[in-house]
Participant: 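Below: one structure in structure tokens.
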Amino acid sequence: MPVPPWGEAVIGQSPEAAAFASGAALCVLHGLVTYNSGVVPVTLLRNRLALLASEATLRIEGRAETAAAIRDAVYLTRPGDSMGPAGEMYLRWRRTAALRLRGKDWIGPFGETLPKPFAEALPHWIKQTEAAGSPVAQAVGLMRLILEADPREEATAMICADVVLARGFGWSSPLSLTASHMTRAALRDLQASDLHLFLTRAARTATALAHDLSRRAALLQQVAPKLRSKGSDHAVALFLQEDAISPATMLSPVIKGTKTAMTDRSARRLCDRLVSLGAVKELTGRGSFRLYGLA
């Protein structure tokens, strides 16, 4: 279900109207990621939103890396080599998206993903902002505390906001929403109405993306029985989780996350077969160092 037209937030709306719009948009997204019975590939959605958030965060920091360049930095860097600022930013957002927030011990694992000074202050700041009211008000309060401590930590502030919001919504893991439509100017004096505006736009973007990925995932699962390669079921599962697949490193010599062996030739043939079936596309346009994702 798409977000209804009346669930749009615009600049200049009253705080009440902005809150209503973000609530409507987030409610639709909530249904897709929690009650959709596996139709939405939620892990893939989280990783794709993390990519978009990293691109937006780098833009706020004054960098111009595109999503394609960020993908290259992560998926084509050899283990142990530096991914550079773009790749490291994407990994920060991905680690956040993989957090498990249910239970009482979520702050410790979350703190391990943050710079040390912020990890140490986090429990106190979380307690300090709990009385602010709604999840959005709590997120704004936490972002202000972080940026007062260090105005350069925009990424940390927005990551923490997403975690607080996810906790407030009862999600098992965060979705990267805060950064995608945020501006540097808004971060200087963030108000709850501003965050409602950005969350409305982010939720609409995420909802459209969820529908798109659901359609693409259904096509991949439809053609999967036509694959005859050993380990193709594990490869299909990986395509439903990862934003991009490098055949040379993620399918061969062992399919990522499994013990299933696959030769480099078999990996390339599998990807070519999926492209011919219309379920996967090559993402780079290059003749070598190729990456593949859902078509």
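No experiment lies behind these values; they were computed from the predicted model shown.
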Participant: Do Val33 and Val39 belong together in a cluster built from hydrophobic side chains that touch within less than 4.5 Å?
Facilitator: no
Participant: Count I, L, V, M, F, W, Y as connected when their side-chain heavy atoms are under 4.5 Å apart, and connections chain through other members. Are Val254 and Met250 then in the same cluster?
Facilitator: no
Participant: State, with a plain yes or no, whether a side-chain heavy atom of Phe198 is found less than 4.5 Å away from one of Thr183.
Facilitator: yes
Participant: Using the side chain to side chain contact (heavy atoms under 4.5 Å, CB included) definition, which of the options Pro135, Cys27, Pro174 pairs with Phe169?
Facilitator: Pro135
Participant: Any sub-3.5 Å donor-acceptor pair from Thr200's side-chain atoms to Ser22's backbone N or O?
Facilitator: yes
Participant: Any side-chain heavy atom of Arg144 within less than 4.5 Å of one from Gln191?
Facilitator: yes
Participant: Below 4.5 Å, heavy atoms only, C-beta onward: do Phe239 and Leu44 meet side chain to side chain?
Facilitator: no
Participant: Hey, are Arg268 and Asp264 close enough for a salt bridge, meaning a charged N less than 4.0 Å from a carboxylate O?
Facilitator: yes
Participant: Any luck finding a side-chain donor-acceptor pair between Ser232 and Ser229 under 3.5 Å?
Facilitator: no
Participant: Contact between Cys160 and Phe110 at the side-chain level, heavy atoms closer than 4.5 Å - yes or no?
Facilitator: yes
Participant: Ignoring hydrogens, what is the shortest heavy-atom contact between Gln222 and Pro225? Give both atom names and the distance.
Facilitator: O-CD, 3.4 Å
Participant: I'd like to check Cys271 versus Leu251 (side-chain heavy atoms, cut-off strictly below 4.5 Å). Are they in contact?
Facilitator: yes
Participant: Do Thr205 and His181 have side-chain atoms, one donor and one acceptor, less than 3.5 Å apart?
Facilitator: yes
Participant: Is a side-chain donor-acceptor pair under 3.5 Å present for Glu282 with Thr284?
Facilitator: yes
Participant: Less than 3.5 Å apart, any donor N or O on the side chain of Ser176 or Asp162 sitting next to an acceptor on the other?
Facilitator: no
Participant: When you compare the side chain of Glu153 with that of Phe118, does any pair of heavy atoms fall below 4.5 Å?
Facilitator: yes
Participant: With ring centroids as reference points, do Phe20 and His196 lie under 6.0 angstrom apart?
Facilitator: no
Participant: Quick check: do Val236 and Leu220 have side-chain heavy atoms less than 4.5 Å from each other?
Facilitator: yes
Participant: To the nearest 0.5 Å, tell me how far Ile60 CD1 sits from Met158 CE.
Facilitator: 4.0 Å
Participant: Rounded to the nearest 0.5 Å, how far apart are CG of Leu277 and CG of Leu219?
Facilitator: 8.5 Å
Participant: Once rounded to the nearest 0.5 Å, what's the spacing between atom CG of Leu29 and atom CG of Leu175?
Facilitator: 5.5 Å
Participant: Does CZ in Arg286 sit with more than 12 non-hydrogen atoms of other residues, nucleotides or ligands closer than 6.0 Å?
Facilitator: yes
Participant: Report the distance from atom CZ of Arg59 to atom CZ of Arg184, rounding to the nearest 0.5 Å.
Facilitator: 11.5 Å
Participant: Do you see a donor-acceptor pair shorter than 3.5 Å between the side chains of Ser54 and Thr57?
Facilitator: no
Participant: What is the distance from atom OG of Ser214 to atom CG of Leu294, rounded to the nearest 0.5 Å?
Facilitator: 10.5 Å
Participant: For the pair Leu213 and Val40, evaluate side chain to side chain contact (heavy atoms under 4.5 Å, CB included) and give the outcome as yes or no after the intermediate values.
Facilitator: CA-CA 7 Å; Leu213 293 177; Val40 177; 5.8 Å; no
Participant: For a salt bridge (charged side-chain N to carboxylate O under 4.0 Å, His left out) with Glu242, tell me which candidate from Arg46, Arg94, Arg71 qualifies.
Facilitator: Arg94
Participant: Are Arg92 and Tyr90 in a cation-pi contact, defined as NZ or CZ under 6.0 Å from the six-membered ring centre and within 45° of the axis?
Facilitator: no
Participant: Quick check on Arg269: does its CZ atom have over 12 non-hydrogen neighbours (other residues, nucleotides or ligands) under 6.0 Å away?
Facilitator: no
Participant: Less than 4.0 angstrom from a charged side-chain N to a carboxylate O is my criterion; do Asp81 and Arg78 meet it?
Facilitator: no
Participant: With heavy-atom distances below 4.5 Å as the criterion, would you say the side chains of Leu274 and Leu227 are in contact?
Facilitator: yes
